[in-house]
2 protein chains.
Amino acid sequence: MEKQTVTIYDVAREAAVSMATVSRVVNGNPNVKPATRKKVLEVIDRLDYRPNAVARGLASKKTTTVGVIIPDVTNAYFSSLARGIDDIAMMYKYNIILTNSDENGGKEVQVLNTLMAKQVDGIIFMGNQVTDELREEFRRSKAPVVLAGSVDEEKVQPSVNIDYVAAVAEAVKNLIDHGNQKVAFVSGSMDQAINHDYRLKGYKKALKDAGIAYDDKLVFETDYTYKAGQSLEPALSAAGATAAFVGDDELAAGVMNGLTDAGVKVPEEFEVITSNDTKLTELVRPKMSSITQPLYDIGAVAMRLLTKLMNSEAVEENTVILPYGLMKRSSTK
Amino acid sequence: MEKQTVTIYDVAREAAVSMATVSRVVNGNPNVKPATRKKVLEVIDRLDYRPNAVARGLASKKTTTVGVIIPDVTNAYFSSLARGIDDIAMMYKYNIILTNSDENGGKEVQVLNTLMAKQVDGIIFMGNQVTDELREEFRRSKAPVVLAGSVDEEKVQPSVNIDYVAAVAEAVKNLIDHGNQKVAFVSGSMDQAINHDYRLKGYKKALKDAGIAYDDKLVFETDYTYKAGQSLEPALSAAGATAAFVGDDELAAGVMNGLTDAGVKVPEEFEVITSNDTKLTELVRPKMSSITQPLYDIGAVAMRLLTKLMNSEAVEENTVILPYGLMKRSSTK
DNA sequence: GCAACAACTGAAAACGCTTTCATATCAAAG
DNA sequence: CTTTGATATGAAAGCGTTTTCAGTTGTTGC
């Protein structure tokens, strides 16, 4: 007793119409006489017919699924974007093929290829680095690609972000205004455009505006992990820093807890401000001040933009910049 | 200049062989003469041929993609499982269609249906409640379904979990052993099997073993959110509880911070132990003691089990129980 | 009662691959 | 040489839809 699949052909036969007509009613094509539609619908219901999306995809060349490349679902920043992406996708009847890339270039390219092989209608890429190879793959892709919460120096791919330079500058200015002369800049790899080309630029700008000389001893390049942050305390103190801008929340939590554990009082003796405003900022004590980003919206807007691209609709602006903010909590004075 | 897709037919023509042969080399079928294989491979390379997975899926009735239903990617517990799932899936050449259900029964059923329409080869379901309707859908599905980190009272679906009853009992016993006579039980909805049928059972068992009477005034049913936990303090104090077992880490963090903010010292005056051992437990201060679960492995094992099921391999045990532990950190004495 | 046009409907050709079945080739054995 | 069993290969039938194009039916206006 194998499970029997009922096809459009069965429905056509039972309803005494052609497959074309069944297809029309299934797809809501208006050119069907109401009586016919009703008859077909009844048969569909009776036979419990479910259209086969794969066959549909082959025939129509549309799969109503989009690929999403994410560094790690486990990361609060990216998973928040992913949530926004999925909600909007669902709203537009798309499904998401989600794959973790670990920001590993090779894996990214490979994943991209399997997504394209699966004929996804579009792709959303999240990741801190767009290599030449990746860029080349994007170009050859017939499916539109949009970057979410991720920048590319070449600025050719559609993308959704905030103004990192301004945001970081403002955050650092805030720290400086509190009297900190030595503000540390803590981030992930400087190979990543978002760090070297945006955040660092904002940092330098704030310094310059305040007439403070840039000192690369205050720049700390590390991993985006809690542990990495936690073990940064000695170095931070040694450099004489009294405040820090940190490029990732988990990392920031580590920095802060490391400081606290070493007996350094936050924010009295050391202020820290972080970047992503994930839930985490509220969980730690003191609560962390942060640049605020509309995380969910970045994902949502990216997906919405992608729907337009997939639909070949006119798009006013390929590069959308969402507003950021600064949320002062208790890790700053 | 439309992008031209090169098909298996093009390759066959260029290589002067049949489509069948090309298909064979693409699929690694050994019945191809080395010389022929080489020739075909060269053409594939020259034309940059990429097999169309949709067509392949239609012809072979296998899509090498599995559906994953998750309450919310943003939730650390579930996203950890998801990571395990994806890694193993990738290892076995499967892709993941990920959809958020918000534990909403209607949405779950709908999502399940679109997954089935997309002809996924298998499904992994995460969610705290398996309704009759859902169970019915699972049954009619021709794709195998396995539950990950989720229980079903009927115990018919293959699943991967830990022994919640024993784990909770042990955790609560620990609290009782520290002298706490009034241990609160804080969890999400009691409609969820994992709460009423497992955790609560473990809680009662520990109580009984210690000769303490069960008091439903100490059972707090709430949402799995940080905020919900935070606002629980007055009630907890009013009930005279001096310790709590909490069913979710984020909720627990809320409970703990709420307590601390109200001036209650953790763990001196109130101990709390949580359930999922996500990263979060290490980020908050004091660090939270927790039942430890092999989160990643639950996902990984579930996916591995699914691959066997999809492959119709014999499976020794459909219900796998992974080991748990108890990690004492600083929220307990 | 008929032309003209709109509204419906059906036949059949794709879509790009896998797979079965038959045929062809080839080396070893007799 | 022929036979024989493997080993290689190709022809063609699906897989379950969508979509084009032609044809049929039904209305409306004169």
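Just so we're on the same page: letters track the sequence lines, and every chain starts at 1. Just so we're clear, the structure is a prediction, and the values are computed from it rather than from any experiment.
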(message) For C:dT19 and B:Lys61 - does any side-chain N or O of the residue sit under 4.0 Å from the phosphate oxygens OP1/OP2?
(response) no
(message) Distance check needed: D:dG16 C1' versus A:Arg13 CZ, whole Å only.
(response) 14 Å
(request) Would you indicate what B:Ser23 reaches in the nucleic acid, counting non-hydrogen atoms under 4.0 angstrom: base, sugar-phosphate, or nothing? (result) base
(message) Whether A:Asp297 and A:Arg304 form a salt bridge (side-chain N of Lys/Arg under 4.0 Å from carboxylate O of Asp/Glu) is what I want to check.
(response) no
(request) Please state how far atom CG in B:Asn27 lies from atom P in C:dG16, giving the value in whole angstrom units. (result) 17 Å
(message) On DNA chain D, compare the nucleotides closest to B:Ala20 and A:Leu58; which residue's is nearer the 5' end?
(response) B:Ala20
(message) Any donor-acceptor pair, under 3.5 Å, between the side chain of A:Arg24 and the base of C:dG10, if you only look at N and O atoms?
(response) yes
(request) For A:Arg50, answer base if it contacts any base atom (sugar-phosphate contacts may also be present), sugar-phosphate if it contacts only those atoms, and nothing otherwise; contact means non-hydrogen atoms under 4.0 Å. (result) sugar-phosphate
(request) Assign A:Val17 to base, sugar-phosphate, or nothing according to its heavy-atom contacts below 4.0 angstrom with the strands shown. (result) sugar-phosphate
(message) Is there a side-chain contact between A:Asn52 and the phosphate of D:dC15, meaning an N or O under 4.0 Å from OP1 or OP2?
(response) no
(request) With heavy atoms under 4.0 Å as the rule, sort B:Ala16 into base, sugar-phosphate or nothing. (result) sugar-phosphate
(message) Could you go through A:Ile85 and A:Met126, starting from their C-alpha distance and side-chain angles, then the distance that decides it, and tell me whether this counts as side-chain contact (heavy atoms from CB on, under 4.5 Å)?
(response) CA-CA 11 Å; A:Ile85 293 171; A:Met126 297 182 271; 3.9 Å; yes
(request) Using only side-chain N and O atoms of A:Lys62, determine if any of them is under 4.0 Å from OP1 or OP2 of D:dT18. (result) no
(request) Determine whether more than 12 heavy atoms belonging to other residues, nucleotides or ligands lie under 6.0 Å from atom CD of B:Glu153. (result) yes
(message) Below the 4.0 Å mark, does C:dT18 have OP1 or OP2 next to a side-chain nitrogen or oxygen of B:Ser60?
(response) no
(request) Determine, stepwise, if the pair A:Thr5 / A:Asn52 fulfils side-chain contact (heavy atoms from CB on, under 4.5 Å). (result) CA-CA 9 Å; A:Thr5 69; A:Asn52 178 323; over 6 Å; no
(message) Rounded to whole Å, how long is the line connecting atom CE of B:Met19 with atom P of C:dT20?
(response) 15 Å
(message) Salt bridge or not between A:Lys39 and A:Glu42? Use side-chain N to carboxylate O under 4.0 Å.
(response) no
(message) Rounding to an integer number of Å, can you tell me how far B:Lys38 NZ sits from D:dA8 P?
(response) 17 Å
(request) Grab the two heavy atoms, one from B:Pro144 and one from B:Leu306, that are nearest each other, plus how far apart they are. (result) O-CD1, 3.5 Å
(message) Tell me the interatomic distance from A:Ile8, atom CD1, to D:dC15, atom P, rounded to whole angstroms.
(response) 14 Å
(request) Give a yes/no answer on whether the side chain of B:Thr21 brings an N or O atom under 4.0 Å of OP1 or OP2 in D:dA8. (result) no
(request) For B:Arg56 and for A:Lys33, find the nucleotide of DNA chain C with the closest heavy atom, then tell me which residue's nucleotide is more 5'. (result) A:Lys33
(message) When you measure from the side-chain N and O atoms of B:Ser18 to the phosphate of D:dT9, is any distance below 4.0 Å, counting only OP1 and OP2?
(response) no
(request) Give the rounded distance in Å between these two atoms: CD1 of B:Ile44 and P of C:dC17. (result) 10 Å
(message) Whole angstroms only, please: what is the CG-C1' distance between B:Asp10 and C:dC15?
(response) 13 Å
(request) To the nearest Å, give me how far apart CG (A:Asn31) and C1' (D:dT18) are. (result) 15 Å
(request) May I ask you to evaluate whether A:Tyr9 reaches the phosphate of C:dA12, defined as a side-chain N or O under 4.0 Å from OP1 or OP2? (result) no
